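Heads up, the thing below is written out as structure tokens.
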Amino acid sequence: MLRRILLLAGLAGLIGFGVFWWLTIPATVAASALPAYQPDLANGLTTFNAGGCSSCHAVPKQDDRTRLGGGLAIPSPFGTFYAPNISPDPNDGIGRWSEADFVTAVMKGTSPSGTHYFPAFPYTSYQHARVNDVRDLFAYLKTLPPVAGKVRDHDVPFPFNIRRNVGVWKFLFMNGKPFVADASRSAHWYRGAYLVNSFGHCAECHSPRNFLGGIISTQRFAGGPNPEGEGWVPNITPRGIADWSAKDIVYFLESGQTPDGDSAGGSMVRVIRNTSQLSDSDRDAIAEYIKSLPPVEGPPKPTRKAEKKDPS
């Protein structure tokens with residue numbers, strides 16, 4: 001009897017491991033799925049700015065947004081990640097990547113070596129991009145200066161450092177679907193919705209997350225704890241910025257100045273450096289989409305503890 005129980009337990013374990021292995025196979029995009037195409041470098045530049053590539057990948061503490069040698073530390077509840085070198089350097093960057101490698105990395109979160117990237121890389125949003133936009137981005141990146149230098153390894157503790165487990169996370173939080181237009185909306189609204197939900201990846205910071213690090217879909221764009229550490233990311237639905245006009249949002253994306261005279265802080269400063277480079281039309285489209293969001297109540301913001309009075 002005991003032997004039969006152990007045999008069944010072993011068989012169940014093997015089946016479970018097989019299911020886990022199958023579910024966590026890294027997805028790829030085959031080169032054969034990318035037909036001949038003439039890249040649009042101007043669109044690649046737009047995509048570069050909309051995607052905020054320089055925000056994470058530009059070498060820290062220097063002003064050139066095109067030196068994409070990486071190295072920025074990105075803290076999170078799961079460890080500290082370091083943005084990689086995505087310059088065209090053939091040894092330390094992506095100079096030897098194929099176009100299929102790049103599309104796979106951006107839209108599937110899979111490296112050229114066939115391993116999962118950690119979701120600090122916001123491929124959960126980039127998956128909704130158009131393939132040709134990603135191809136244009138790759139062509140544009142190849143025109144930038146190569147930057148030598150390897151970036152240090154991520155500082156992620158066990159068990160979060162096991163990349164195969166990321167496949168389970170992707171199964172839970174990635175749907176692999178392109179962004180679909182709302183037929184009842186204008187093309188201008190759609191442009192803003194597309195930028196916000198794909199390359200702009202606004203929800204990645206402006207949404208609360210569950211204990212597994214996945215965005216809480218019912219509170220998308222409703223703000224929450226800063227995923228990079230201290231502070232609070234604001235609610236950008238009408239519940240949080242109802243008094244902002246579309247023109248206020250456009251001006252903020254261009255200048256970093258809020259309607260009350262304050263200015264962007266923290267990682268949003270890096271974001272503004274990118275959105276300020278977008279066309280007036282694209283900033284206006286983003287504002288139109290954000291103003292159309294339904295009001296959503298975000299998680300309760302913690303209150304500061306009252307300071308103790310000096311008894312003297």
Side-chain angles (χ1 to χ4, degrees), residues 37 39-58 64-68 70 72 74 83-84 86-87 94 99 102-103 105-109 119-144 177-182 185-207 215 220-221 233 236 246 249-256 264 266-293:
Y37 177 70
D40 181 345
L41 290 179
N43 185 53
L45 173 59
T46 296
T47 303
F48 174 80
N49 290 322
C53 303
S54 67
S55 293
C56 287
H57 295 283
D64 189 346
R65 297 171 61 247
T66 68
R67 291 183 56 78
L68 305 179
L72 179 73
I74 306 172
I86 62 166
S87 79
I94 62 173
E99 188 180 54
F102 186 77
V103 173
V106 171
M107 302 190 72
K108 302 297 183 182
F121 179 20
Y123 48 74
T124 46
S125 289
Y126 295 161
Q127 66 174 327
H128 302 305
R130 291 186 289 263
V131 173
N132 283 351
D133 286 342
V134 179
R135 298 175 79 179
D136 289 343
L137 173 59
F138 183 57
Y140 174 74
L141 291 178
K142 289 193 292 185
T143 70
L144 301 182
K177 297 178 180 178
F179 185 76
V180 179
D182 183 341
R185 299 283 190 170
S186 68
H188 194 61
W189 177 94
Y190 170 76
R191 174 63 175 172
Y194 173 72
L195 290 174
V196 167
N197 288 287
S198 61
F199 288 109
H201 63 279
C202 303
E204 300 292 338
C205 284
H206 286 279
S207 305
I215 289 175
R220 190 173 175 84
F221 301 117
V233 179
I236 59 171
I249 297 172
V250 170
Y251 186 65
F252 177 73
L253 294 175
E254 181 180 12
S255 68
S267 60
M268 195 65 196
V269 174
R270 301 195 304 269
V271 174
I272 296 298
R273 290 184 70 188
N274 297 301
T275 57
S276 65
Q277 302 300 311
L278 294 175
S279 68
D280 292 339
S281 178
D282 277 349
R283 284 193 295 267
D284 185 66
I286 291 171
E288 180 179 337
Y289 172 71
I290 290 176
K291 287 297 292 182
S292 77
L293 292 171

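The structure presented is a predicted model; accordingly, all values stated were derived computationally and were not measured. Counting from 1, the numbers follow the sequence of the chain as shown.
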Take Leu137 and Phe102, measure what side chain to side chain contact (heavy atoms under 4.5 Å, CB included) needs, and give me the verdict at the end.
CA-CA 9 Å; Leu137 173 59; Phe102 186 77; 3.8 Å; yes
For Ala129, the side chain to side chain contact (heavy atoms under 4.5 Å, CB included) test, sequence neighbours excluded, returns Val134, Tyr194, Ser198, Phe199
Checking Ile286 against Leu278 for the side chain to side chain contact (heavy atoms under 4.5 Å, CB included) test, could you report, in this order, the C-alpha distance in whole Å, the side-chain angles of both residues, the deciding distance, and whether it holds?
CA-CA 11 Å; Ile286 291 171; Leu278 294 175; 4.0 Å; yes
Positive for side chain to side chain contact (heavy atoms under 4.5 Å, CB included) with Leu141, one of Thr47, Leu68, Asp136
Leu68
To the nearest 0.5 Å, how far apart are [atom1] in [X] and [atom2] in [Y]?
X      : Y      : atom1 : atom2 : answer
Ile290 : Leu195 : CD1   : CG    : 10.5 Å
Arg273 : Asn49  : CZ    : CG    : 11.0 Å
Arg270 : Cys56  : CZ    : SG    : 6.0 Å
Arg130 : Arg135 : CZ    : CZ    : 14.0 Å
Asp282 : His188 : CG    : NE2   : 8.0 Å

Does a side chain donor of either Asn274 or Ser55 reach within less than 3.5 Å of an acceptor in the other side chain?
yes
Closest heavy-atom pair and its distance - [X], [Y]:
X      : Y      : value
Ile272 : Gly256 : CG2-N, 3.7 Å
Ala105 : Tyr123 : O-CB, 4.3 Å
Phe138 : Glu99  : CE2-CA, 3.6 Å
Gly51  : His201 : O-CE1, 3.1 Å
Ala203 : Ile215 : O-CD1, 3.5 Å
Glu254 : Ser276 : O-CB, 3.3 Å

Checking side chain to side chain contact (heavy atoms under 4.5 Å, CB included) for the pair Glu288/Ser186: CA distance, chi angles, key distance, verdict?
CA-CA 10 Å; Glu288 180 179 337; Ser186 68; 3.5 Å; yes
Note, Gln277 side chain near Leu45 side chain (heavy atom, < 4.5 Å)
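No, their side chains stay 4.5 Å or more apart.
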Do the side chains of Ser281 and Arg191 get nearer than 4.5 Å, heavy atoms only?
no
I'd like to know whether CZ of Arg67 has more than 12 heavy-atom contacts from other residues, nucleotides or ligands below 6.0 angstrom.
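Not buried by this count: 12 neighbours or fewer within 6.0 Å.
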Show, in sequence, the C-alpha distance, side-chain angles and deciding distance for Leu293 and Arg220, and conclude whether the side chain to side chain contact (heavy atoms under 4.5 Å, CB included) test is met.
CA-CA 10 Å; Leu293 292 171; Arg220 190 173 175 84; over 6 Å; no
Keeping the roles fixed (side chain from Arg283, backbone from Thr275), state whether a donor-acceptor pair exists under 3.5 Å.
yes
Donor-acceptor check, side chain of Asn197 to backbone of Ala193, threshold 3.5 angstrom: yes or no?
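Checking the backbone N and O of Ala193 against the side chain of Asn197, a donor-acceptor pair under 3.5 Å is found.
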Please work out whether the ring planes of Phe48 and Tyr140 are parallel, tilted or perpendicular, with thresholds of 30° and 60°.
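Rings of Phe48 and Tyr140: tilted, 30 to 60°.
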When Phe179 is tested against each of Tyr190, Tyr126, Tyr289 for ring-ring contact (aromatic ring centres under 6.0 Å, His included), which residue passes?
Tyr190
